[in-house]
Undergrad: 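Mind looking over this structure? Questions follow.
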Amino acid sequence: MKEWQKKHILGIKDLNKEELETVFTLANSFKEISERDVKKVPALRGKTIINLFFENSTRTRTSFELAAKRLSADVVNFSSSNSSLTKGETIIDTIKTLEAYHPNIMIVRLNASACLQSFINYTQASIINAGDGRNEHPTQALLDMFTVKEAKGSLENLNVLIVGDIGNSRVARSNIFGFQRYASKITVCGPPTFIPYEFNEMGVSVSYNLDDVIGQADVIIMLRIQSERQDDLFLPSLREYTDKFSLTPERLKKVKKDCLIMHPGPVNWDVEISSAIKNKIHPLILKQAENGLAVRMAVLYLIGTKKREI
Ligand code: CP
């Protein structure tokens, strides 16, 4: 395997297929560690990792924290709500202040899109994007792809259908960049007001009718409606949305037998997916969360031990 060269992970857009495969191979071996009695290895002993979350999170924050601890790093969890940001300190001054403690890695979640690149000017630490606004959520796409590869054995030439609040979704953008590395055919589906024109230029198909496309998919990624990212919901009503785009028991009958139905979480049951089929759908969503830990261990290992042979 080749040496890992990247200092930062800001987006899947920046990773080639070989780098994606390196993460998946390593994540596979880290899954085994999570099944041991003692779930810890000394790979990042002496390294300092700051979990810097300016926006709420359950899955990403806890799995990065656990991943860092299982690799024996020292971890600090920063959340904006109980920080000096509430007293008027700026985000850049916060980064500069944390840099004074010489961290090795900063894992950053932010509600602004595509401005993490500028953080590099204020810290020597590696930056890992834990979701930045509408831009990218690279480790979510890595864990989604890892979960698909684990279930199907390959990521090549799949029909991937992404449904819902496409325009607001960093998960959609990162998964599109990732699955395109494997020549997969991607369709985004939702109301026209949820699919900005930029998606027509990303090499994906666009559909406004879920019933037309649901039967061809090998993988379906259902997305959450992100009410926090829109002043007014671009929809006449939530009822109309669920009628046309919710995964219901009736629609589930139309999907291929071996189709994987995923959701990055958190799920709004009875909006994106009917709670009547929760017992069928939730186990794979929880598997995604479980795989997120192994994938984030792999990412921290590669970034934290850069230039080490694996
Ligand atoms: N999927 C995801 O990013 O979830 P959290 O917001 O809980 O981290």
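Every number for a ligand or one of its atoms is a count from 1 in the order of the listing.
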Undergrad: List every atom of ligand 1 that sits less than 4.0 Å from any heavy atom of Gly265, numbering the atoms from 1 in the order shown and giving each element.
TA: 1 (N), 2 (C), 4 (O)
Undergrad: For Arg61 and ligand 1, does the shortest N/O to N/O distance drop below 3.5 Å?
TA: no
Undergrad: Suppose we measure from atom 4 (O) of ligand 1 to each protein heavy atom; which comes out shortest, and what is that distance?
TA: Arg59 NE, 3.1 Å
Undergrad: Treating Lys152 as the side-chain partner and Asp258 as the backbone partner, does any N or O pair qualify as donor plus acceptor under 3.5 Å?
TA: yes
Undergrad: Which ligand 1 atoms are under 4.0 Å away from a heavy-atom of Pro264?
TA: 1 (N)
Undergrad: Centre-to-centre under 6.0 Å for Trp269 and His282, is that the case here?
TA: yes
Undergrad: Please determine if Arg109 forms a cation-pi arrangement with Phe53, meaning its NZ or CZ atom is less than 6.0 Å from the six-membered ring centre and no more than 45° off the ring axis.
TA: no
Undergrad: In ligand 1, which numbered atoms sit nearer than 4.0 Å to a non-hydrogen atom of His137?
TA: 2 (C), 3 (O)
Undergrad: For atom 7 (O) of ligand 1, what's the nearest protein heavy-atom neighbour? Residue, atom name and distance, please.
TA: Thr58 N, 2.8 Å
Undergrad: So that I know where these two stand, are Phe245 and Phe194 an aromatic pair - ring centroids less than 6.0 Å apart?
TA: no
Undergrad: When you measure from atom 6 (O) of ligand 1 to every protein heavy atom, which one gives the shortest distance, and what is it?
TA: Arg109 NH1, 2.8 Å
Undergrad: For Pro266, is at least one N or O under 3.5 Å away from an N or O on ligand 1?
TA: no
Undergrad: Only pairs at least two apart or in different chains count here, so list each side-chain hydrogen bond (donor to acceptor under 3.5 Å, both in side chains) that has a residue in residues 116-129.
TA: Glu99-Thr123, Asn129-Asp132
Undergrad: Under 3.5 Å, is there a donor-acceptor pair between the side chain of Ser169 and the main chain of Asp165?
TA: no
